[in-house]
Protein chains: 2
Amino acid sequence: MDGKIVNLKSKIEIYKAMTDGANFGDCPVRDVMQSINGKWSPLLVMALAEKPYRFGELRRLVPDISQRMLTQTLHELQRDGYVHREVFPTKPPSVEYSLTDLGRSMFSPLHQLVQWAERNHDAVRDARAAFDASSRA
Amino acid sequence: MDGKIVNLKSKIEIYKAMTDGANFGDCPVRDVMQSINGKWSPLLVMALAEKPYRFGELRRLVPDISQRMLTQTLHELQRDGYVHREVFPTKPPSVEYSLTDLGRSMFSPLHQLVQWAERNHDAVRDARAAFDASSRA
DNA sequence: AGCGCTGGTCTCTTTTTGAGACTGCCAACC
DNA sequence: GGTTGGCAGTCTCAAAAAGAGACCAGCGCT
């Protein structure tokens, strides 16, 4: 069941660059990962992958995000090129957020991770319960 | 170039569960994602996917993590069942951290995301530069 | 006239993170 | 035999990030 992780050496080199911060001065992978890895970023990307949403729709869709963090996360996603922001000059102006091509291309790997999480959340919950039980003992 | 994301409705349902916090009371995917999504968690999982490491080795491998966060993140990863912690009662006791089967099974999707980040960091950097330039204007 | 909706910003408080000193034990060095 | 250093952490305090919720202007509805 182990030994399945072979041929990683080369791939690990990627993360070595993450690791060794002072390397080239830009640490690309870690930089990009940070922007994906926010608390709300993956959730918003997943939501926008379905279809474009407006600000208030997202707010209602994700009830436990604060407006502050919604604004800020969308702004970061826009800055990094994942999300397109378009203002419609309707009577009360509305703003629509949608994924760019870059954002859509990120969706597949992100989606795989989400699927993994969905398949394995029982295992994680069990591990957590077992750990807590044994540390209380 | 768009319209490539089809048939997501069902998959999005997964994240809907994330979204609608008060649904079943447990929001499984979001819960698991949070534990994967920490600032240091993916980095440590990637490192440990290569081979087991000891505390101090990880510390040197990731120079810009504080001991505090290294301890804490490893503890969380252990609690959630991704990482196994083994103490060797040598003269100065040493502690080895390694991935569990669960941790190894998470490696593949995580790795794909890291690969995506590696392939697209130029695009992200460019988008960021363009955005910053246009917002300064 | 008052309410609610639009997409935000501003301020205040709480939580999380980071930096770094400190622990106890033992081994090697001078 | 006193100092130094590595081991795996913990503890404290300061800085950064996140959450809660008030507030803004403008328009429509009643």
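All chains are named by letter (A, B, ...) in the order of the sequence lines, taking the proteins before the strands, and each is independently numbered beginning at 1.
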Under the side chain to side chain donor-acceptor pair (under 3.5 Å) test, which residues partner A/Asn120, sequence neighbours left out?
A/Trp116
Verify whether one side chain among B/Ser35 and B/Tyr82 offers a donor that lies under 3.5 Å from an acceptor in the other.
yes
Any chance you could list the contact pattern along nucleotides 10-19 of chain D? Use B for base contacts, S for sugar-phosphate-only contacts and - for none, protein heavy atoms under 4.0 Å, 5' to 3'.
BBB-----BB
Set of salt bridge (Lys or Arg N to Asp or Glu O under 4.0 Å) partners for A/Asp122, sequence neighbours left out:
A/Arg125
Residue set satisfying salt bridge (Lys or Arg N to Asp or Glu O under 4.0 Å) with A/Arg128, at least two apart, ordered chain then number -> B/Asp31, B/Asp80
Boundaries of the DNA chain C segment in contact with chain B, non-hydrogen, under 4.0 Å:
C/dT17 to C/dA21
Report yes if a side-chain nitrogen or oxygen of B/Arg54 is closer than 4.0 Å to either non-bridging phosphate oxygen (OP1 or OP2) of D/dA8; otherwise report no.
yes
Can a side chain N or O of B/Arg60 be found less than 4.0 Å away from OP1 or OP2 on D/dG6?
no
Can B/Arg59 and B/Asp64 be counted as an ion pair, charged N to O under 4.0 angstrom?
no
Categorize B/Tyr97 for me: base, sugar-phosphate, or nothing, with a 4.0 angstrom heavy-atom threshold over every strand shown.
sugar-phosphate
Does any pair with a residue in residues 89-99 of chain A pass side chain to side chain donor-acceptor pair (under 3.5 Å), and if so which ones, sequence neighbours excluded?
A/Arg85-A/Tyr97
Are the side chains of B/Trp40 and B/Leu70 in contact, using a 4.5 Å heavy-atom criterion?
no
Please examine the side chains of B/Arg54 and B/Phe88, heavy atoms only from C-beta on, and report whether any two atoms are closer than 4.5 Å.
no
